Undergrad: 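Sharing a structure below in C-alpha coordinates format, with a few things to ask.
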Amino acid sequence: MKNFIFIFFVGLFPAQQSWNLQQCLDYAAANHPLVKQATINIKKNDHQIAASKGMLLPSVEAGINHSYSFGSSINQSNNQREVLNTQYDQFIAQANIELFNWRNYVNISLSKLNKETSTYKLKKAQNEVKLNVIQTFFIYQNSKSWLDVLETQISGIEEQIKRTEKEVEIGSRSKSDIYDIKANLGTLQEQWVTAKNQRDLAKINLLNALVLTQDSVDFVMTNEETLPDEDFDQSDFTKRLLENNPAYQTVLAEIKAQEKSVNLAGSAYLPTLNGSYSWSTFYNKFLNKDNVSTVSFSDQFTQNKNQSLSFGLNIPVFNKFQVKNNVEIAKLNVINSNYDKELIVNNLTQSINSIKAQFLNAQEKYSLLESNFENQKLSFQKSEEKYKEGLMDAYTFFVVRNNWLQANYNLISSKNDVIQQTELLKVLKSGL
(Lines give C-alpha, C1' and ligand atoms only; values in the text may rest on other atoms or scores of the structure.)
Protein backbone atom coordinates (compact mmCIF):
# COMPACT_ATOMS: atom_id res chain seq x y z
CA MET A 1 0.00 0.00 0.00
CA LYS A 2 2.83 2.41 0.86
CA ASN A 3 4.53 1.62 -2.46
CA PHE A 4 1.30 2.34 -4.31
CA ILE A 5 0.92 5.74 -2.60
CA PHE A 6 4.55 6.60 -3.42
CA ILE A 7 4.09 5.70 -7.10
CA PHE A 8 0.84 7.70 -7.20
CA PHE A 9 2.49 10.86 -5.90
CA VAL A 10 5.50 10.41 -8.22
CA GLY A 11 3.04 10.32 -11.11
CA LEU A 12 1.40 13.54 -9.93
CA PHE A 13 4.72 15.32 -9.41
CA PRO A 14 7.24 14.16 -12.03
CA ALA A 15 10.94 14.52 -11.34
CA GLN A 16 12.46 17.87 -12.24
CA GLN A 17 14.25 17.87 -15.56
CA SER A 18 17.77 19.18 -16.05
CA TRP A 19 18.48 21.21 -19.18
CA ASN A 20 21.81 22.47 -20.40
CA LEU A 21 22.18 25.54 -22.59
CA GLN A 22 21.84 23.66 -25.89
CA GLN A 23 18.58 22.04 -24.76
CA CYS A 24 17.26 25.47 -23.79
CA LEU A 25 18.19 26.89 -27.19
CA ASP A 26 16.63 23.98 -29.07
CA TYR A 27 13.40 24.28 -27.10
CA ALA A 28 13.15 28.06 -27.50
CA ALA A 29 13.93 27.94 -31.24
CA ALA A 30 11.05 25.51 -31.78
CA ASN A 31 8.43 26.58 -29.25
CA HIS A 32 8.69 30.32 -28.61
CA PRO A 33 5.52 32.19 -29.74
CA LEU A 34 7.59 34.66 -31.79
CA VAL A 35 9.03 31.72 -33.77
CA LYS A 36 5.59 30.13 -34.19
CA GLN A 37 4.15 33.44 -35.41
CA ALA A 38 6.96 33.76 -37.95
CA THR A 39 6.25 30.20 -39.14
CA ILE A 40 2.56 31.02 -39.57
CA ASN A 41 3.48 34.09 -41.64
CA ILE A 42 5.43 31.88 -44.06
CA LYS A 43 2.38 29.66 -44.50
CA LYS A 44 0.26 32.76 -45.08
CA ASN A 45 2.71 33.86 -47.78
CA ASP A 46 2.32 30.48 -49.51
CA HIS A 47 -1.42 31.11 -49.74
CA GLN A 48 -0.82 34.66 -50.96
CA ILE A 49 1.40 33.32 -53.77
CA ALA A 50 -1.31 30.81 -54.72
CA ALA A 51 -3.93 33.58 -54.63
CA SER A 52 -1.78 35.82 -56.86
CA LYS A 53 -1.34 33.04 -59.40
CA GLY A 54 -5.07 32.37 -59.22
CA MET A 55 -5.72 35.84 -60.60
CA LEU A 56 -4.47 34.59 -63.99
CA LEU A 57 -7.32 32.09 -64.13
CA PRO A 58 -10.89 32.87 -65.25
CA SER A 59 -13.70 33.33 -62.79
CA VAL A 60 -16.76 31.20 -63.51
CA GLU A 61 -20.18 31.49 -61.95
CA ALA A 62 -23.62 30.05 -62.58
CA GLY A 63 -27.04 31.12 -61.39
CA ILE A 64 -30.73 30.31 -61.49
CA ASN A 65 -33.48 32.92 -61.19
CA HIS A 66 -37.10 32.02 -60.49
CA SER A 67 -39.66 34.85 -60.48
CA TYR A 68 -43.35 35.66 -60.80
CA SER A 69 -44.92 38.71 -62.45
CA PHE A 70 -48.50 39.89 -61.81
CA GLY A 71 -50.40 42.67 -63.60
CA SER A 72 -49.65 44.68 -66.69
CA SER A 73 -46.69 43.44 -68.69
CA ILE A 74 -45.59 42.87 -72.30
CA ASN A 75 -46.85 39.72 -73.98
CA GLN A 76 -43.82 38.41 -75.73
CA SER A 77 -45.87 36.55 -78.35
CA ASN A 78 -47.51 39.71 -79.79
CA ASN A 79 -45.48 42.44 -78.16
CA GLN A 80 -48.62 43.98 -76.68
CA ARG A 81 -49.16 45.16 -73.10
CA GLU A 82 -51.72 42.99 -71.36
CA VAL A 83 -52.75 41.95 -67.92
CA LEU A 84 -50.66 38.86 -67.50
CA ASN A 85 -49.50 36.67 -64.64
CA THR A 86 -46.30 34.88 -65.60
CA GLN A 87 -43.71 32.57 -64.22
CA TYR A 88 -40.19 33.21 -65.41
CA ASP A 89 -37.16 30.95 -64.91
CA GLN A 90 -33.68 31.89 -66.11
CA PHE A 91 -30.50 29.83 -66.20
CA ILE A 92 -27.17 31.58 -66.72
CA ALA A 93 -23.47 30.70 -66.66
CA GLN A 94 -20.66 33.12 -67.35
CA ALA A 95 -16.89 33.30 -67.28
CA ASN A 96 -14.67 36.37 -67.03
CA ILE A 97 -10.94 36.54 -67.53
CA GLU A 98 -8.32 39.25 -67.49
CA LEU A 99 -6.38 38.45 -70.64
CA PHE A 100 -3.75 41.02 -69.76
CA ASN A 101 -3.24 42.90 -66.52
CA TRP A 102 0.38 43.61 -65.63
CA ARG A 103 -0.63 44.09 -61.99
CA ASN A 104 -1.34 40.35 -61.68
CA TYR A 105 2.19 39.37 -62.76
CA VAL A 106 3.80 41.96 -60.48
CA ASN A 107 1.67 40.67 -57.58
CA ILE A 108 3.07 37.16 -58.07
CA SER A 109 6.65 38.46 -57.88
CA LEU A 110 5.81 40.60 -54.85
CA SER A 111 4.21 37.65 -53.05
CA LYS A 112 7.36 35.58 -53.60
CA LEU A 113 9.52 38.40 -52.22
CA ASN A 114 7.23 38.67 -49.18
CA LYS A 115 7.70 34.95 -48.53
CA GLU A 116 11.47 35.38 -48.80
CA THR A 117 11.26 38.22 -46.27
CA SER A 118 9.16 36.07 -43.93
CA THR A 119 11.72 33.26 -44.16
CA TYR A 120 14.47 35.63 -43.04
CA LYS A 121 12.20 36.98 -40.29
CA LEU A 122 11.74 33.42 -38.98
CA LYS A 123 15.51 32.99 -38.64
CA LYS A 124 15.75 36.50 -37.17
CA ALA A 125 13.12 35.62 -34.54
CA GLN A 126 14.98 32.40 -33.68
CA ASN A 127 18.25 34.31 -33.28
CA GLU A 128 16.67 36.99 -31.08
CA VAL A 129 15.09 34.33 -28.87
CA LYS A 130 18.41 32.44 -28.62
CA LEU A 131 20.40 35.56 -27.74
CA ASN A 132 17.94 36.37 -24.96
CA VAL A 133 18.03 32.79 -23.63
CA ILE A 134 21.86 32.78 -23.59
CA GLN A 135 22.05 36.01 -21.60
CA THR A 136 19.40 34.99 -19.05
CA PHE A 137 20.90 31.48 -18.79
CA PHE A 138 24.31 32.77 -17.71
CA ILE A 139 22.83 35.41 -15.40
CA TYR A 140 21.09 32.54 -13.64
CA GLN A 141 24.25 30.39 -13.53
CA ASN A 142 26.30 33.24 -12.04
CA SER A 143 23.67 34.08 -9.44
CA LYS A 144 23.44 30.40 -8.51
CA SER A 145 27.25 30.16 -8.20
CA TRP A 146 27.36 33.24 -5.96
CA LEU A 147 24.67 31.76 -3.72
CA ASP A 148 26.69 28.54 -3.47
CA VAL A 149 29.75 30.55 -2.39
CA LEU A 150 27.78 32.34 0.32
CA GLU A 151 26.28 29.06 1.55
CA THR A 152 29.78 27.59 1.74
CA GLN A 153 30.99 30.65 3.65
CA ILE A 154 28.09 30.50 6.11
CA SER A 155 28.52 26.77 6.61
CA GLY A 156 32.24 27.25 7.21
CA ILE A 157 31.79 30.11 9.64
CA GLU A 158 29.21 28.15 11.63
CA GLU A 159 31.67 25.26 11.93
CA GLN A 160 34.40 27.73 12.84
CA ILE A 161 32.24 29.19 15.61
CA LYS A 162 31.67 25.73 17.11
CA ARG A 163 35.38 24.90 16.91
CA THR A 164 36.42 28.26 18.35
CA GLU A 165 33.96 27.90 21.26
CA LYS A 166 35.60 24.61 22.19
CA GLU A 167 39.03 26.18 21.96
CA VAL A 168 37.87 29.06 24.19
CA GLU A 169 36.65 26.51 26.77
CA ILE A 170 40.05 24.90 26.96
CA GLY A 171 41.73 28.33 27.02
CA SER A 172 43.66 28.09 23.77
CA ARG A 173 41.82 31.09 22.27
CA SER A 174 40.36 34.30 23.59
CA LYS A 175 36.61 34.83 23.68
CA SER A 176 36.93 37.88 21.42
CA ASP A 177 37.57 35.52 18.51
CA ILE A 178 33.99 34.26 18.81
CA TYR A 179 32.61 37.81 18.78
CA ASP A 180 34.70 38.67 15.71
CA ILE A 181 33.38 35.68 13.78
CA LYS A 182 29.73 36.12 14.84
CA ALA A 183 29.88 39.79 13.86
CA ASN A 184 30.46 38.73 10.25
CA LEU A 185 27.93 35.90 10.25
CA GLY A 186 24.97 38.32 10.21
CA THR A 187 26.43 40.22 7.25
CA LEU A 188 26.88 36.98 5.32
CA GLN A 189 23.34 35.86 6.11
CA GLU A 190 21.99 39.18 4.84
CA GLN A 191 24.01 38.77 1.64
CA TRP A 192 22.67 35.22 1.33
CA VAL A 193 19.05 36.43 1.43
CA THR A 194 19.78 39.01 -1.27
CA ALA A 195 21.64 36.44 -3.39
CA LYS A 196 18.80 33.94 -3.04
CA ASN A 197 16.33 36.56 -4.25
CA GLN A 198 18.58 37.39 -7.21
CA ARG A 199 18.86 33.72 -8.11
CA ASP A 200 15.09 33.24 -7.95
CA LEU A 201 14.48 36.32 -10.10
CA ALA A 202 17.12 35.17 -12.59
CA LYS A 203 15.39 31.81 -12.91
CA ILE A 204 12.02 33.50 -13.39
CA ASN A 205 13.54 35.57 -16.19
CA LEU A 206 15.04 32.47 -17.77
CA LEU A 207 11.73 30.60 -17.59
CA ASN A 208 10.08 33.64 -19.15
CA ALA A 209 12.65 33.68 -21.97
CA LEU A 210 11.75 30.04 -22.64
CA VAL A 211 8.01 30.74 -22.21
CA LEU A 212 7.74 28.10 -19.47
CA THR A 213 4.95 28.83 -17.01
CA GLN A 214 5.91 26.11 -14.50
CA ASP A 215 9.16 25.85 -12.58
CA SER A 216 9.74 22.21 -13.53
CA VAL A 217 13.23 22.51 -15.04
CA ASP A 218 16.65 22.89 -13.45
CA PHE A 219 19.25 24.60 -15.63
CA VAL A 220 22.78 23.26 -15.41
CA MET A 221 26.17 23.78 -17.01
CA THR A 222 27.65 20.79 -18.79
CA ASN A 223 30.92 19.45 -17.43
CA GLU A 224 32.58 19.38 -20.84
CA GLU A 225 32.40 23.16 -21.28
CA THR A 226 35.77 24.28 -22.67
CA LEU A 227 37.17 27.68 -23.47
CA PRO A 228 37.43 28.11 -27.24
CA ASP A 229 39.70 30.34 -29.27
CA GLU A 230 38.31 32.85 -31.71
CA ASP A 231 40.13 34.40 -34.66
CA PHE A 232 39.20 38.08 -34.71
CA ASP A 233 42.20 39.15 -36.76
CA GLN A 234 40.49 38.51 -40.08
CA SER A 235 39.82 41.85 -41.78
CA ASP A 236 36.34 40.84 -42.91
CA PHE A 237 35.26 39.27 -39.60
CA THR A 238 32.60 41.89 -38.82
CA LYS A 239 31.53 42.19 -42.45
CA ARG A 240 30.98 38.43 -42.82
CA LEU A 241 28.91 38.21 -39.65
CA LEU A 242 26.94 41.28 -40.69
CA GLU A 243 26.11 40.11 -44.21
CA ASN A 244 25.19 36.64 -42.97
CA ASN A 245 22.87 37.95 -40.26
CA PRO A 246 19.14 37.32 -40.86
CA ALA A 247 18.25 40.81 -39.63
CA TYR A 248 20.43 42.26 -42.41
CA GLN A 249 19.04 39.81 -44.98
CA THR A 250 15.51 40.70 -43.86
CA VAL A 251 15.96 44.40 -44.53
CA LEU A 252 17.52 43.63 -47.95
CA ALA A 253 14.50 41.51 -48.85
CA GLU A 254 12.17 44.26 -47.61
CA ILE A 255 13.94 46.78 -49.90
CA LYS A 256 13.40 44.45 -52.88
CA ALA A 257 9.73 44.13 -51.94
CA GLN A 258 9.34 47.90 -51.67
CA GLU A 259 10.98 48.34 -55.08
CA LYS A 260 8.54 45.80 -56.51
CA SER A 261 5.71 47.77 -54.87
CA VAL A 262 6.73 50.75 -57.03
CA ASN A 263 6.16 48.58 -60.11
CA LEU A 264 2.87 47.40 -58.65
CA ALA A 265 1.64 50.95 -58.16
CA GLY A 266 2.86 51.94 -61.66
CA SER A 267 0.97 49.04 -63.27
CA ALA A 268 -2.21 51.10 -62.90
CA TYR A 269 -0.92 53.30 -65.77
CA LEU A 270 -1.12 50.35 -68.19
CA PRO A 271 -4.23 49.23 -70.11
CA THR A 272 -6.02 45.98 -69.29
CA LEU A 273 -7.59 43.51 -71.70
CA ASN A 274 -10.62 41.56 -70.51
CA GLY A 275 -12.67 38.77 -72.01
CA SER A 276 -16.01 37.28 -71.05
CA TYR A 277 -18.30 34.49 -72.14
CA SER A 278 -21.90 33.90 -71.07
CA TRP A 279 -24.54 31.29 -71.74
CA SER A 280 -28.19 31.61 -70.77
CA THR A 281 -31.68 30.27 -71.40
CA PHE A 282 -35.11 30.82 -69.88
CA TYR A 283 -38.55 29.32 -69.41
CA ASN A 284 -41.69 31.48 -69.47
CA LYS A 285 -45.19 30.37 -68.50
CA PHE A 286 -48.54 32.25 -68.45
CA LEU A 287 -50.47 31.62 -65.27
CA ASN A 288 -53.86 33.23 -66.24
CA LYS A 289 -54.16 32.23 -69.92
CA ASP A 290 -55.85 28.85 -69.96
CA ASN A 291 -56.52 28.94 -73.71
CA VAL A 292 -52.91 29.80 -74.56
CA SER A 293 -50.75 26.76 -75.14
CA THR A 294 -47.45 26.89 -73.37
CA VAL A 295 -44.34 25.47 -74.97
CA SER A 296 -42.88 22.70 -72.82
CA PHE A 297 -39.99 23.36 -70.48
CA SER A 298 -37.52 21.23 -72.45
CA ASP A 299 -38.41 22.89 -75.74
CA GLN A 300 -38.11 26.40 -74.28
CA PHE A 301 -34.83 25.43 -72.61
CA THR A 302 -33.47 24.51 -76.04
CA GLN A 303 -35.07 27.26 -78.08
CA ASN A 304 -34.18 30.16 -75.74
CA LYS A 305 -30.49 29.38 -75.43
CA ASN A 306 -28.19 32.34 -75.91
CA GLN A 307 -24.41 32.69 -75.95
CA SER A 308 -22.23 35.77 -75.99
CA LEU A 309 -18.50 36.36 -76.25
CA SER A 310 -16.96 39.77 -75.64
CA PHE A 311 -13.60 41.47 -75.33
CA GLY A 312 -12.84 44.82 -73.73
CA LEU A 313 -9.81 47.07 -73.60
CA ASN A 314 -9.62 49.55 -70.72
CA ILE A 315 -7.15 52.39 -71.06
CA PRO A 316 -6.53 54.64 -68.03
CA VAL A 317 -6.77 58.28 -69.04
CA PHE A 318 -7.20 60.30 -65.87
CA ASN A 319 -7.49 58.91 -62.34
CA LYS A 320 -7.45 62.06 -60.17
CA PHE A 321 -3.67 61.73 -59.68
CA GLN A 322 -4.25 58.65 -57.49
CA VAL A 323 -1.78 56.42 -59.37
CA LYS A 324 0.86 59.14 -59.49
CA ASN A 325 0.65 59.67 -55.73
CA ASN A 326 0.66 55.94 -55.05
CA VAL A 327 3.86 55.58 -57.10
CA GLU A 328 5.51 58.46 -55.23
CA ILE A 329 4.52 56.98 -51.87
CA ALA A 330 5.97 53.61 -52.93
CA LYS A 331 9.24 55.33 -53.91
CA LEU A 332 9.39 57.04 -50.50
CA ASN A 333 8.90 53.64 -48.86
CA VAL A 334 11.98 52.40 -50.73
CA ILE A 335 14.00 55.35 -49.41
CA ASN A 336 12.70 54.69 -45.90
CA SER A 337 13.68 51.01 -46.14
CA ASN A 338 17.23 52.03 -47.09
CA TYR A 339 17.37 54.12 -43.92
CA ASP A 340 16.21 51.03 -42.02
CA LYS A 341 19.11 49.19 -43.60
CA GLU A 342 21.56 51.81 -42.32
CA LEU A 343 20.13 51.47 -38.79
CA ILE A 344 20.35 47.67 -38.94
CA VAL A 345 23.96 47.81 -40.16
CA ASN A 346 24.87 50.25 -37.39
CA ASN A 347 23.18 48.22 -34.64
CA LEU A 348 24.57 44.88 -35.83
CA THR A 349 28.08 46.31 -36.17
CA GLN A 350 27.84 47.62 -32.62
CA SER A 351 26.57 44.26 -31.31
CA ILE A 352 29.26 42.24 -33.12
CA ASN A 353 32.09 44.55 -32.03
CA SER A 354 30.71 44.61 -28.48
CA ILE A 355 30.64 40.81 -28.27
CA LYS A 356 34.16 40.69 -29.76
CA ALA A 357 35.47 43.18 -27.18
CA GLN A 358 33.74 41.40 -24.28
CA PHE A 359 35.06 38.03 -25.43
CA LEU A 360 38.66 39.25 -25.54
CA ASN A 361 38.28 41.00 -22.18
CA ALA A 362 36.68 37.94 -20.58
CA GLN A 363 39.41 35.69 -21.98
CA GLU A 364 42.17 37.92 -20.60
CA LYS A 365 40.39 38.29 -17.27
CA TYR A 366 40.00 34.52 -16.95
CA SER A 367 43.74 33.97 -17.49
CA LEU A 368 44.55 36.46 -14.73
CA LEU A 369 41.97 35.07 -12.35
CA GLU A 370 43.17 31.52 -12.95
CA SER A 371 46.64 32.36 -11.63
CA ASN A 372 45.15 34.47 -8.82
CA PHE A 373 42.94 31.53 -7.83
CA GLU A 374 45.98 29.30 -7.37
CA ASN A 375 47.66 31.97 -5.22
CA GLN A 376 44.51 32.39 -3.11
CA LYS A 377 44.28 28.62 -2.70
CA LEU A 378 47.90 28.37 -1.50
CA SER A 379 47.33 31.32 0.82
CA PHE A 380 44.28 29.63 2.29
CA GLN A 381 46.13 26.34 2.84
CA LYS A 382 49.01 28.07 4.64
CA SER A 383 46.61 30.19 6.70
CA GLU A 384 44.64 27.09 7.66
CA GLU A 385 47.83 25.50 8.99
CA LYS A 386 48.68 28.66 10.95
CA TYR A 387 45.14 28.84 12.37
CA LYS A 388 45.26 25.22 13.53
CA GLU A 389 48.64 25.89 15.17
CA GLY A 390 47.27 28.98 16.91
CA LEU A 391 49.48 31.36 14.95
CA MET A 392 46.52 33.19 13.37
CA ASP A 393 43.38 34.62 14.95
CA ALA A 394 39.92 33.48 13.84
CA TYR A 395 38.92 36.73 12.14
CA THR A 396 42.05 36.87 9.95
CA PHE A 397 41.56 33.24 8.95
CA PHE A 398 37.93 34.04 8.13
CA VAL A 399 39.02 36.85 5.79
CA VAL A 400 41.59 34.65 4.04
CA ARG A 401 39.07 31.84 3.61
CA ASN A 402 36.46 34.18 2.16
CA ASN A 403 39.00 35.67 -0.22
CA TRP A 404 39.70 32.22 -1.55
CA LEU A 405 35.99 31.44 -1.97
CA GLN A 406 35.50 34.82 -3.67
CA ALA A 407 38.38 34.00 -6.03
CA ASN A 408 36.71 30.67 -6.77
CA TYR A 409 33.47 32.45 -7.69
CA ASN A 410 35.30 35.06 -9.79
CA LEU A 411 36.98 32.28 -11.75
CA ILE A 412 33.67 30.51 -12.38
CA SER A 413 31.95 33.77 -13.33
CA SER A 414 34.78 34.73 -15.67
CA LYS A 415 34.71 31.33 -17.35
CA ASN A 416 30.95 31.63 -17.77
CA ASP A 417 31.45 35.04 -19.35
CA VAL A 418 33.88 33.63 -21.93
CA ILE A 419 31.47 30.77 -22.74
CA GLN A 420 28.55 33.22 -22.91
CA GLN A 421 30.28 35.45 -25.46
CA THR A 422 31.25 32.34 -27.42
CA GLU A 423 27.63 31.16 -27.52
CA LEU A 424 26.50 34.62 -28.63
CA LEU A 425 29.06 34.50 -31.44
CA LYS A 426 27.83 31.04 -32.45
CA VAL A 427 24.34 32.43 -32.94
CA LEU A 428 25.67 35.31 -35.02
CA LYS A 429 27.87 32.97 -37.05
CA SER A 430 25.06 30.50 -37.70
CA GLY A 431 23.42 33.20 -39.82
CA LEU A 432 21.04 31.68 -42.31
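Being a predicted model, the structure only gives us computed values, none of them experimental.
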Undergrad: Working to the nearest 0.5 angstrom, can you tell me the gap between N333 CG and S261 OG?
TA: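 Reported to 0.5 Å precision, the distance equals 7.5 Å.
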Undergrad: Would you check if the side chain of N346 reaches a backbone N or O of E342 as a donor-acceptor pair within less than 3.5 Å?
TA: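 Here the side-chain-to-backbone pair does not exist.
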Undergrad: List the atom of L188, the atom of Q153, and the distance in Å for their closest heavy-atom pair.
TA: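 Distance-wise, the nearest heavy atoms are CD2-OE1, 3.4 Å.
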Undergrad: Heavy-atom count around W102 CH2 within 6.0 Å, excluding the residue itself: above 12?
TA: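 No, CH2 of W102 has 12 or fewer neighbouring heavy atoms, counting only those of other groups under 6.0 Å.
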Undergrad: Around F318, counting heavy atoms of other residues, nucleotides and ligands shown, do more than 12 lie under 6.0 Å from its CZ?
TA: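 It does: F318 CZ has more than 12 such atoms within range.
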Undergrad: The test is side-chain contact (heavy atoms from CB on, under 4.5 Å); show your working for M221 and N20 and say whether it passes.
TA: CA-CA 6 Å; M221 295 286 293; N20 58 27; over 6 Å; no
Undergrad: Ring-plane angle category for H66 and Y68, please: parallel below 30°, perpendicular beyond 60°, tilted otherwise.
TA: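 Geometry flag for Y68 against H66: perpendicular rings.
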Undergrad: Using the rule given for side-chain hydrogen bond (donor to acceptor under 3.5 Å, both in side chains), can you reason through W192 versus E151, listing the C-alpha separation, both sets of side-chain angles and the distance that settles it, and then say yes or no?
TA: CA-CA 7 Å; W192 179 86; E151 288 177 347; 3.2 Å; yes
Undergrad: Looking at L332, is its backbone amide N or carbonyl O close enough to the side chain of N336 to form a donor-acceptor pair, meaning the two atoms are under 3.5 Å apart?
TA: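 No: the side chain of N336 does not pair with the backbone of L332.
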Undergrad: Among Q350, Q358, K356, whose side chain to side chain donor-acceptor pair (under 3.5 Å) with S354 holds?
TA: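 Among Q350, Q358, K356, the one that satisfies the side chain to side chain donor-acceptor pair (under 3.5 Å) with S354 is Q358.
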Undergrad: Among K341, Q249, K121, E116, whose side chain to side chain contact (heavy atoms under 4.5 Å, CB included) with E254 holds?
TA: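 The residue from K341, Q249, K121, E116 that satisfies side chain to side chain contact (heavy atoms under 4.5 Å, CB included) with E254 turns out to be K121.
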Undergrad: With a 3.5 Å distance limit and no angle check, can you tell me whether N353 reaches the backbone of T349 through a side-chain donor-acceptor pair?
TA: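 Present.
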Undergrad: Other residues, nucleotides and ligands only: do more than 12 of their heavy atoms fall within 6.0 Å of CD on E190?
TA: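 Atom CD in E190 is not crowded, with 12 or fewer foreign heavy atoms closer than 6.0 Å.
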Undergrad: Taking atom CD of Q303 as the centre, report whether more than 12 heavy atoms of other residues, nucleotides or ligands fall under 6.0 Å from it.
TA: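 More than 12 heavy atoms, drawn from other residues, nucleotides or ligands, come within 6.0 Å of this atom.
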